[in-house]
Amino acid sequence: MKVATWNVNSIRSRLDHATQWLQTNPVDVLCLQETKVVNETFPTAAFSELGYIAYIHGQKSYNGVALLSRQPLDKVQYGFAPVLGEDRVGDLDDQKRVIAGLWDDIYIVNLYVPNGSSVGSEKYEYKLRWLACLKEYLAALLTEHPNLNVCGDFNIALEDKDIYNSEGKEKHIMSSPTEREALKEVMAVGLKDGFRLFNDEGGHFSWWDYRTAAFQRNMGWRIDHHYLSAGLSDRALSCTIDLEPRRWEKPSDHTPVIMEYA
DNA sequence: ATGGCCTAGGATCTAGGA
């Protein structure tokens with residue numbers, strides 16, 4: 001069983017890439033972030049032709065997440081509120097960043113964590129509030145679903161070796177100590193980094209800035225993750241980053257990360 | 001280098017990304 005995560009930076013701009021990738025990489029579930037399209041305009045038909053059911057949670061212009069699945073998912077939920085309630089969640093569901101569903105006994109949570117803009121900004125405070133809410137959400141889910149695959153664009157590189165050059169990291173968005181600590185707090189509910197089950201090296205990245213020819217120079221960051229509950233990490237077989245789509249013409253700035261289970 | 005590029009929306013620029 002394979003689950004992949006991929007921030008496509010607009011599903012309409014990346015439709016050919018997504019369908020081409022699925023044809024050579026027929027994963028069971030593909031988790032998309034930054035679809036940037038309302039549900040009515042999501043290109044559902046292109047994926048149903050390939051045998052995928054699309055569960056979509058979009059908005060105009062920004063954010064947006066989707067689950068593409070080769071079989072129907074149970075208990076599909078949109079946002080934090082179905083688990084935590086509207087009173088707790090407040091404005092954190094206004095941006096469409098969370099979708100989840102059950103494949104057999106594996107509950108798959110697909111996240112687009114807020115970027116945060118810059119350390120100390122209003123958006124950074126929103127990111128930290130969002131991560132605190134995420135911790136409560138995942139803790140609640142774990143009581144019902146022991147096999148949890150939490151994946152997506154986390155917009156955080158957890159360790160210095162997840163960045164091509166960690167100089168100045170304390171002040172940089174995606175690597176500042178406070179947001180790293182917030183993510184570690186989330187993981188403390190009982191989640192492990194799926195990639196690190198198989199690989200301890202630095203130099204493995206999932207995102208490269210469009211500017212400065214960062215991909216060609218391998219100036220990347222590992223910010224797209226699969227986090228696994230203890231029950232599920234025992235069944236993990238591999239976690240790989242597919243660099244190929246990042247080499248294609250007009251690529252997303254992110255590339256897929258694939259988790260495989262027994 | 002408060003730089004470099006890309007997307008959507010709506011319009012020849014701004015917001016947001018990371």
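Chain identifiers are assigned alphabetically (A, B, ...) following the order of the sequence lines, protein sequences preceding nucleic acid strands; residue numbering begins at 1 within each chain.
For NZ of Lys171(A), the number of neighbouring non-hydrogen atoms (other residues, nucleotides, ligands) closer than 6.0 Å is 12 at most.
The CH2 atom of Trp221(A) sits 8 Å away from the C1' atom of dA18(B) (whole-angstrom rounding). The CG atom of Asp209(A) sits 10 Å away from the P atom of dA18(B) (whole-angstrom rounding). Per the geometry, NE2 belonging to His254(A) stands 14 Å off P belonging to dC6(B), to the nearest Å. One can place CD of Gln95(A) at 13 Å from C1' of dA15(B), the figure rounded to the nearest angstrom. Atom CG of Asn9(A) is separated from atom C1' of dA18(B) by 11 Å (rounded to the nearest Å). As rounded to whole Å, 12 Å separates atom P of dC5(B) from atom CD of Gln216(A). Regarding Gln33(A), its CD atom lies at a distance of 16 Å from the C1' atom of dT7(B), rounded to whole Å. For His172(A) and dA1(B), the NE2 to C1' distance is 13 Å, given to the nearest whole Å.
Within the 6.0 Å centre-distance limit, the rings of Trp6(A) and Trp21(A) are counted as a close aromatic pair.
Residue Tyr124(A) places no side-chain N or O under 4.0 Å from the OP1 or OP2 atom of dG17(B). The phosphate of dG17(B) has OP1 or OP2 within less than 4.0 Å of a side-chain N or O from Arg97(A). For dA18(B), one of the phosphate oxygens OP1 or OP2 lies less than 4.0 angstrom from a side-chain nitrogen or oxygen of Asn155(A). One finds no side-chain N or O of Lys60(A) lying less than 4.0 angstrom from the OP1 or OP2 phosphate oxygen of dA8(B). Contact annotation: Arg211(A) does not reach the phosphate of dA1(B) (side-chain N/O to OP1 or OP2, under 4.0 Å).
Note on Phe154(A): nothing from the nucleic acid sits closer than 4.0 angstrom, heavy atoms only. Across all strands, Trp207(A) comes closer than 4.0 Å only to sugar-phosphate atoms, never to a base (heavy-atom distances). Within the nucleic acid shown, Thr212(A) comes within 4.0 Å of at least one base atom, counting heavy atoms only. Within the 4.0 angstrom heavy-atom criterion, no nucleotide atom of any strand lies near Arg222(A). Nucleic acid contact class of Asn7(A) (heavy atoms, under 4.0 Å, all strands): sugar-phosphate only. Among the protein residues, Asn63(A) comes within range of no part of the nucleic acid, since none of its heavy atoms lies under 4.0 Å from any strand.
Closest contact between the side chain of Tyr62(A) and the listed nucleotides dA18(B), dA15(B), dA8(B) involves dA15(B). For Asn115(A), whose side chain is taken as the heavy atoms from C-beta onward, the closest listed nucleotide among dT7(B), dA18(B), dA8(B) is dA18(B).
DNA chain B is contacted by both Ser13(A) and Glu34(A); Ser13(A) maps to the nucleotide lying nearer its 5′ end (nearest heavy atom per residue). Taking for each of Val37(A) and Ile173(A) the nucleotide of DNA chain B with the nearest heavy atom, the 5'-most of the two is the partner of Val37(A).
Counted by atom type alone, Ser10(A) and Glu34(A) present zero donor-acceptor pairs between their side chains at under 3.5 Å.
dG10(B) adopts an anti glycosidic conformation, its chi angle falling more than 90° from 0.
Comparing dA15(B) with dA1(B), their P atoms sit 26 Å apart, to the nearest whole Å. Across the P atoms, dC13(B) and dT2(B) are found 24 Å apart, a figure rounded to whole Å. As rounded to the nearest Å, dG10(B) and dG16(B) have C1' atoms that lie 16 Å from one another. Separation of the C1' atoms belonging to dT12(B) and dT7(B) is 16 Å when rounded to the nearest angstrom.
Between His254(A) and Arg246(A), the closest heavy-atom pair is O-CD, 4.4 Å.
The ring-ring contact (aromatic ring centres under 6.0 Å, His included) with His204(A) is formed by just one residue from the set Trp221(A), Phe195(A), Tyr164(A); it is Phe195(A).
Side-chain contact between Pro72(A) and Trp103(A) is absent, with no heavy atoms from C-beta onward closer than 4.5 Å.
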Let's go through Tyr227(A) and Phe154(A) carefully: what are the C-alpha distance in whole Å and the side-chain angles of both, what is the deciding distance for ring pair (Phe, Tyr, Trp, His ring centres under 6.0 Å) to 0.1 Å, and is it a yes or a no?
CA-CA 10 Å; Tyr227(A) 290 144; Phe154(A) 282 75; 4.9 Å; yes

